[in-house]
Amino acid sequence: MSVLRDTSTDEGPLRIGVRIPPCDRADRLARTVRRAEELGFDQVWFPDSQLLWRDVFTTLTAAALATERIGLGTAVTNLATRHPSVVASAARSVAELAPGRFTLGLGVGNSSVAPVGLRQTGSAELREGLSMLRALLDGRDWDFEGKVRSRLRDPQPSVPLHLAASGPRNLRLAGEIADGVILLSGVSPRTLAAATARVREGAEAAGRNADALPVTVSAFCAVTDDIEAEARLIKPICASIAQNGGASFLALAGIEVDVPATVDGVYPDLVHAEDWDEAVRICSAWISDETAVRFAQEFCLFGTAAQITERLRTLRASGVTDVFLQHVGSYDPPTDLIETIGASVLPALRR
């Protein structure tokens, strides 16, 4: 494993990133990334889903060539549709173009695996896959199922491997073997405390310094003085969390919802619905307007620029090292969010 950064003695500012789906040509998205760099964002994170978006590593390559400072990462790719050896080669290729700027975020698959009938990657497979990735990126031989031993030419041992996790088992696994953890369940203090406790358990069981493990959290974000109007738009997000095993996390914040395992009329899924207005309408059967506001206030970064700035400061004080902001939508770049946060939140946060 790569050496962890000891955040227990690093009291630097919270690193602010933004999620950009690869929803357009790579050269166009590279201009969006360059604009985020100009406005002072620290990182850009790209999700990976082969049927929803352009190839994530092609997009990362264009972004690397168009920028000089900003961090680049996957949030997240997977080891189900992509063999670990293929991921290792792709990660090495991007890291060469953006030295010291690339983070490989990995997860169970979600929107990559479901549309093609594959299952999500289990904890044992994640453990094996991360071990293979680290060995190959370090330039070491790997025994492929006892059939052949091979290695990656021109390795890149400096690539950090971060694991996205939500359930207890994978949270502990992240603490045990990953170079960092990505939490995709929002910024609720209660759920963050529960998640980071599991990460700490895994790190301490492995004899690692939990305080040296970078913790990245994601949050849907909207700069607004009308939270009620904006909150209605994230009903499908709340419903998806409840539908996919996150009801207990919602309950920690006092949000009790019961969403059926299958929701008809939404393609391809609640989080990435092509017809977002229709998804909002359908999810209103289980997510009331009041529940949506509660979800926005607890799990998301919705509010005025001053309110968002203060919540981000609180996150850093709680031990979070990185946050990346998301807009509502999967098929357009977060241009407005980048401009608004860059103009009103980042300058205040830096002060």
Side-chain angles (χ1 to χ4, degrees), residues 1-5 22 26 43-51 53-65 67 70-113 116 118-165 170 173-182 206 208 213-214 216 322:
M1 283 297 176
S2 62
V3 177
L4 295 177
R5 178 165 59 91
Q43 297 165 308
V44 168
W45 297 88
F46 294 97
D48 179 20
S49 187
Q50 70 280 356
L51 294 185
W53 302 305
R54 277 64 164 183
D55 178 71
V56 70
F57 289 105
T58 301
T59 304
L60 279 161
T61 297
L65 293 172
T67 57
I70 198 165
L72 306 170
T74 54
V76 290
T77 189
N78 73 93
L79 303 176
T81 62
R82 301 179 188 269
H83 190 274
S85 65
V86 175
V87 176
S89 179
R92 176 268 316 274
S93 301
V94 174
E96 287 177 333
L97 299 174
R101 294 197 285 141
F102 177 61
T103 299
L104 182 63
L106 300 148
V108 298
N110 287 336
S111 65
S112 290
V113 299
V116 293
L118 298 177
R119 62 179 178 83
Q120 294 185 358
T121 305
S123 296
E125 295 165 305
L126 281 174
R127 180 187 296 275
E128 175 81 358
L130 262 69
S131 297
M132 185 190 305
L133 277 170
R134 176 50 63 214
L136 293 174
L137 288 168
D138 283 350
R140 292 182 275 120
D141 288 354
W142 183 262
D143 187 340
F144 289 90
E145 300 181 355
K147 299 174 182 177
V148 62
R149 292 186 65 84
S150 305
R151 57 184 170 81
L152 179 69
R153 283 184 56 84
D154 304 318
Q156 281 285 327
S158 62
V159 176
L161 306 182
H162 288 205
L163 182 62
N170 285 345
L173 181 65
E176 180 186 347
I177 68 172
D179 296 321
V181 59
I182 300 173
R208 308 174 82 198
L213 196 68
T216 300
D322 305 78

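For clarity, every value in this text was computed on a predicted model and none was experimentally measured.
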Do [X] and [Y] come within less than 4.5 Å of each other through their side chains, counting heavy atoms only?
X      : Y      : result
Ile182 : Leu163 : no
Gln43  : Arg101 : no
Gln156 : Asp138 : no
Trp142 : Ser131 : yes
Leu72  : Ile70  : yes
Leu65  : Leu97  : yes
Thr103 : Pro160 : yes
Phe144 : His83  : yes

Would the distance check show the side chain of [X] and the main-chain N or O of [Y] forming a donor-acceptor pair, the cut-off being under 3.5 Å?
X      : Y      : answer
Asn78  : Thr81  : yes
Arg54  : Thr59  : no
Thr74  : Phe46  : no
Glu128 : Glu125 : no
Arg92  : Arg153 : yes
Arg208 : Glu176 : yes

I need the [X] [atom1] to [Y] [atom2] distance, nearest 0.5 Å.
X      : Y      : atom1 : atom2 : answer
Leu137 : Met132 : CG    : CE    : 11.5 Å
Leu126 : Ile177 : CG    : CD1   : 7.5 Å
Gln120 : Ser123 : CD    : OG    : 10.5 Å
Leu106 : Thr121 : CG    : OG1   : 9.5 Å

Could you tell me which non-hydrogen atom of [X] sits nearest to which non-hydrogen atom of [Y], and how far apart they are?
X      : Y      : result
Thr67  : Ala63  : OG1-O, 2.7 Å
Gly129 : Leu79  : CA-CD1, 3.7 Å
Ala98  : Ala64  : CB-CB, 4.0 Å
Asp179 : Pro214 : O-CD, 3.2 Å

**Q.** Trace of the side chain to side chain contact (heavy atoms under 4.5 Å, CB included) decision for Ser85 with Leu136
**A.** CA-CA 7 Å; Ser85 65; Leu136 293 174; 4.1 Å; yes
Q: Determine the interplanar angle of the His162 and Trp45 rings, folded into 0 to 90°, and report it as parallel if under 30°, tilted if 30 to 60°, perpendicular if over 60°.
A: tilted
(Q) Holding to salt bridge (charged side-chain N to carboxylate O under 4.0 Å, His left out), I want the full list of residues that pass it with Arg82, two or more places apart in sequence or in another chain. (A) Asp48, Asp55
Q: Quick one: do Thr216 and Val181 satisfy side chain to side chain contact (heavy atoms under 4.5 Å, CB included)? Show the steps, please.
A: CA-CA 6 Å; Thr216 300; Val181 59; over 6 Å; no
(Q) Using the rule given for side chain to side chain contact (heavy atoms under 4.5 Å, CB included), can you reason through Arg119 versus Val113, listing the C-alpha separation, both sets of side-chain angles and the distance that settles it, and then say yes or no? (A) CA-CA 6 Å; Arg119 62 179 178 83; Val113 299; over 6 Å; no
Q: Flag yes if more than 12 heavy atoms outside Arg149 fall under 6.0 Å of its CZ atom; otherwise flag no.
A: yes
Q) Which residues pass the side-chain contact (heavy atoms from CB on, under 4.5 Å) test with Ser49, sequence neighbours left out? A) Leu52, Trp53, Ser111, Ser112
